[in-house]
Amino acid sequence: MKGMKLSLAIALMVGLAVGMGRAVHAAVLFEQVPSAGGTAFISSPPVLLTGDPGYRQADSFQLSQDAVVRDLHWWGNKSEKYLNAGGSYTLVDDYNFTLTVYEDADGLPGDVFYQTTGNPSRSDGMRPDVTWDRYFELVLGTPFSVQAGVTYWLSIYSDIQNHLWGWQAVAGGAHATRATTATGDSGAWTASPDVDLAFRVTGDFSAVPAPATLAL
């Protein structure tokens, strides 16, 4: 009987731990959904064939509780691969994103807090009838923790040369805190208080105790 009770207790604790892990991993910590038919802002390198200087975009976010960020999701355009100086291009699903989280510095991105690169999974965006509309998801190889009430800035940048990529906007966003810098990686950030950018942050609002801790 004692053995059965112990086995049942262990099974319940393992089930609880697994269930908690699944539930919190899917939790939406922050999101800004794009506007149907809204515009997009370039966040990619210079396009030498067209003379486009390239830009890096960022938008701020703040959470109500301490959290562990495990996944990032965002909406954007399909990549435009330029073929010649005359402006001919083709749409391709070809990306190498750099995602950077910055600390806040007087209302603009400051020091780098976290950075990763990757080629995310992708699917049709808000408008499946539009061939260039994409929804991106990246599971972070190394999750990171953020503090409640602290402002962070997320920058998403597709860094393939001569490929133009745009991050979709949220027209009439709640706090309109977009920041931009020209010429890709260089240049100072400038506030552009007109729209928000569309992204979703998922993870868990509190660290899940290890099974050993639960058992204790």
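In terms of heavy atoms, Val68 sits closest to Leu29 at O-CD1, 3.9 Å. Counting all heavy atoms, side chain and backbone alike, Ser158 lies closest to Phe97 at CB-CE2, 3.5 Å. Nearest heavy atoms, Gln57 versus Ser155: O-OG, 3.0 Å. When all heavy atoms of Gly110 and Ala105 are compared, the pair lying nearest together is CA-CB, 3.7 Å. A pairwise comparison of heavy atoms in Phe41 and Val195 identifies CE1-CG2, 3.4 Å as the closest pair.
Annotation for Val92: hydrophobic cluster partners, listed by chain and number, are none (ILVMFWY side-chain heavy atoms under 4.5 Å, direct or chained). Taking Ile, Leu, Val, Met, Phe, Trp and Tyr as hydrophobic and joining them when side-chain heavy atoms fall under 4.5 Å apart, one finds Tyr102 in a cluster with Leu108, Val112, Trp153, Trp189.
Cluster membership for Trp165 and Leu83, using ILVMFWY side-chain heavy atoms within less than 4.5 angstrom, is not shared. Clustering ILVMFWY residues whenever any of their side-chain heavy atoms sit less than 4.5 angstrom apart, transitively, puts Phe113 in the very cluster that holds Val69.
The main-chain N or O of Glu137 is found under 3.5 Å from a side-chain atom of Ser121 such that the two form a donor-acceptor pair. Side-chain atoms of Glu103 do not come within 3.5 Å of backbone N or O of Tyr152 as any donor-acceptor pair. Although no hydrogens or angles enter the test, the distance criterion places a donor-acceptor pair under 3.5 Å between the side chain of Ser43 and the main chain of Ile156. Listed for the Gln32 side chain is a donor-acceptor partner under 3.5 Å among the backbone atoms of Leu197.
The 12-atom threshold is not exceeded at CD of Gln147, counting heavy atoms of other residues, nucleotides or ligands nearer than 6.0 Å.
Taking the side-chain contact (heavy atoms from CB on, under 4.5 Å) definition, one finds that Gln62 meets it with Thr151, sequence neighbours left out. Residues satisfying the side-chain contact (heavy atoms from CB on, under 4.5 Å) criterion with Thr98, sequence neighbours excluded, are Thr100, Gln115, Thr117, Asp159. Applying the side-chain contact (heavy atoms from CB on, under 4.5 Å) criterion to Thr116, with sequence neighbours excluded, gives Leu99, Tyr114, Leu138, Leu140. The side-chain contact (heavy atoms from CB on, under 4.5 Å) test applied to Leu91 returns Lys78, Glu80, Tyr89, Thr131, Trp132, not counting sequence neighbours.
Between the side chains of Asn84 and Tyr82, no donor-acceptor pair of N or O atoms lies under 3.5 Å. The closest side-chain donor-acceptor pair between Ser79 and Asp94, if any, does not fall under 3.5 angstrom.
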Worksheet item: side chain to side chain contact (heavy atoms under 4.5 Å, CB included) between Val47 and His163: does it pass, once the steps are laid out?
Response: CA-CA 7 Å; Val47 178; His163 284 207; over 6 Å; no

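In this structure, His73 and Tyr135 have parallel ring planes: the angle between them is below the 30° cut-off, well short of the 60° mark.
With Tyr157 as the aromatic partner, Arg56 meets the cation-pi criteria of under 6.0 angstrom to the ring centre and within 45 degrees of the ring axis.
Under the 4.5 Å side-chain criterion, counting only non-hydrogen atoms from C-beta, Val201 is in contact with Phe199. The shortest side-chain heavy-atom distance between Phe205 and Asp66 does not fall under the 4.5 Å cut-off. At least one side-chain heavy atom of Leu164 sits under 4.5 Å from a side-chain heavy atom of Ile42. When side chains are defined from C-beta on, Tyr95 counts as touching Phe136, because their heavy atoms get closer than 4.5 Å. Using a 4.5 Å heavy-atom cutoff, the side chains of Leu72 and Leu154 are in contact. The closest side-chain heavy-atom distance from Asn119 to Asn96 is not below 4.5 Å.
We find that Asp196 and Arg178 are not joined by a salt bridge, their nearest charged nitrogen and carboxylate oxygen being 4.0 Å or further apart. The pair Arg134-Asp93 meets the salt-bridge criterion, with a side-chain N (NZ, NE, NH1 or NH2) lying under 4.0 Å from an Asp/Glu carboxylate O. Salt bridge status for Arg70 with Asp204: present, with a side-chain N to carboxylate O gap under 4.0 Å.
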